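What follows is a short report on a single structure.
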Number of protein chains: 2
Amino acid sequence: MFDPVCPSDLSPIRVGDKWAGMIIRCLEHGTRRFSELRIPLRGITAKALTKSLRALERDGLIQRITHLDRARRVEYDLTPLGRSMLEPMATMCAWAEEHWEELLDAREASTPLQRAR
Amino acid sequence: MFDPVCPSDLSPIRVGDKWAGMIIRCLEHGTRRFSELRIPLRGITAKALTKSLRALERDGLIQRITHLDRARRVEYDLTPLGRSMLEPMATMCAWAEEHWEELLDAREASTPLQRAR
DNA sequence: GTAGTTGGTATCCGATCGGAAACCACGCCG
DNA sequence: CGGCGTGGTTTCCGATCGGATACCAACTAC
């Protein structure tokens, strides 16, 4: 789902920490379990995922639900507040897509070790 | 202009590094000089400002103009690309303002050292 | 009973962030 | 001549980020 060479790193806009934005998008279409989230977020470590989830929960964007039926089972879901972020996030994505080429060009054109005095 | 206890730290959305978003807004109404930028960005160090400006320049969002008339004089200006960010940024600000109370409540309600098993 | 899954924690590490403070080249002003 | 303003750079430092690795308790399946 998310490319390890994720192009979204190019965008200057970010939501929370490195993974938060992707997590929110993963939850867009319904609740997900801890280990389900690890699949699309290729290579995320348990520690990193836990940390991001806790931060999102603290900010009231997602909800953590522990089911006690039978085995251990934890689900994560967007809160209404979290869901309300999808709209501004879409705006940002649209901007990034629209100016994709310009962003790439700017990066390429920058000669990192020069600065005219 | 920018409160040292800036409420925008509460928003999970960020543009570039710590200062980039504010710098862009400072340039919204016209070109600014290095030392002019330091005033609204209360307490920013020269190093931090330089770093943010270089990053924004590298990403093609701002333009650095050195005037050689008389004394040393450097001006910073938004590029069209940079200016195009104002719109999505406004969207984000609107979201943050709209959900301001909820964000505050969520932070307050979070008891950092508890986690039910 | 023992191996596997789930949902994590704990520890270590190198890289980066961001502030404080010192320094500096250049030009101007008195 | 000396000091001041401009636009930085350099060094140091503590805090944070994010990855790798090891470990773990509870439950289930074989």
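Each chain gets a letter, A, B and so on, in the order the sequences are listed, and its residues count up from 1. Given the structure is predicted, the values throughout are model-derived calculations rather than measurements.
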Tell me which of B:Val74 and A:Asp17 sits closer to the 5' end of DNA chain D, going by the nucleotide each one is nearest to.
B:Val74

Please check if the side chain of A:Trp95 supplies one atom and the backbone of B:Ser84 the other of a donor-acceptor pair under 3.5 Å.
yes

A:Arg14 has an atom CZ; how far is it from atom P of D:dC17, in whole Å?
11 Å

Atom CD1 of B:Ile23 and atom P of C:dG18: how far apart are they, to the nearest Å?
11 Å

Heavy-atom closest contact (A:Ile23 atom, A:Leu56 atom, distance):
CG2-CD1, 3.8 Å

Measure the distance from CD on A:Glu75 to P on C:dG8 and round it to the nearest whole Å.
12 Å

At their closest point, which heavy atom of A:Ala20 faces which heavy atom of A:Ser52, and how far apart are they?
N-OG, 4.4 Å

Heavy-atom pair with the smallest gap, counting every atom of A:Arg42 and A:Trp19:
O-CH2, 4.2 Å

Whole angstrom is fine here: how far is it from CD1 in B:Ile39 over to P in D:dG7?
11 Å

Report the nucleotide, chosen from C:dG19, C:dG8, D:dG19, that has the shortest atom-to-atom distance to any side-chain atom of B:Thr45.
C:dG19

Any donor-acceptor pair, under 3.5 Å, between the side chain of B:Lys47 and the base of C:dG19, if you only look at N and O atoms?
yes

What integer distance in Å separates B:His67:NE2 from C:dG27:P?
17 Å

The side chain of B:Lys51 lies closest to which of these nucleotides: C:dG8, D:dT6, C:dG18?
C:dG18

Whole angstroms only, please: what is the CG-P distance between A:Leu53 and C:dG8?
8 Å

Taking only heavy atoms on the protein side, list every residue of residues 29-36 of chain B lying under 4.0 Å from any atom of DNA chain D, sorted numerically.
B:Arg33, B:Phe34, B:Ser35

When you measure from the side chain of A:Thr79 to the backbone N and O of A:Leu61, does any donor-acceptor pair fall under 3.5 Å?
yes

For C:dG8, does OP1 or OP2 lie under 4.0 Å from any side-chain N or O of A:Arg54?
yes

Heavy atoms from C-beta onward define the side chain here; which of C:dG8, D:dG19, D:dG8 lies closest to that of A:Thr50?
C:dG8

Check the distance between C:dG8's P and A:Arg38's CZ and give it to me in whole angstrom.
11 Å

Side chains of residues 32-41 of chain B: which donor-acceptor partners sit under 3.5 Å, not counting sequence neighbours?
| unit_1 | atom_1 | unit_2 | atom_2 | d |
| --- | --- | --- | --- | --- |
| B:Glu36 | OE1 | B:Arg33 | N | 2.8 |
| B:Arg38 | NH2 | B:Ile44 | O | 3.2 |

Once you round it to whole Å, what is the distance between C1' of D:dC27 and CG of A:Leu68?
13 Å

Just call it for B:Ala48: base, sugar-phosphate, or nothing, with non-hydrogen atoms closer than 4.0 Å on any strand.
sugar-phosphate

Is any side-chain nitrogen or oxygen of B:Arg42 closer than 4.0 Å to OP1 or OP2 of C:dG19?
no

Listed nucleotide nearest any side-chain atom of B:Lys18, set D:dG18, C:dG18, D:dT28:
C:dG18

I'd like to know if the side chain of B:Thr31 and the backbone of B:Leu27 have a donor-acceptor N/O pair within less than 3.5 Å.
no

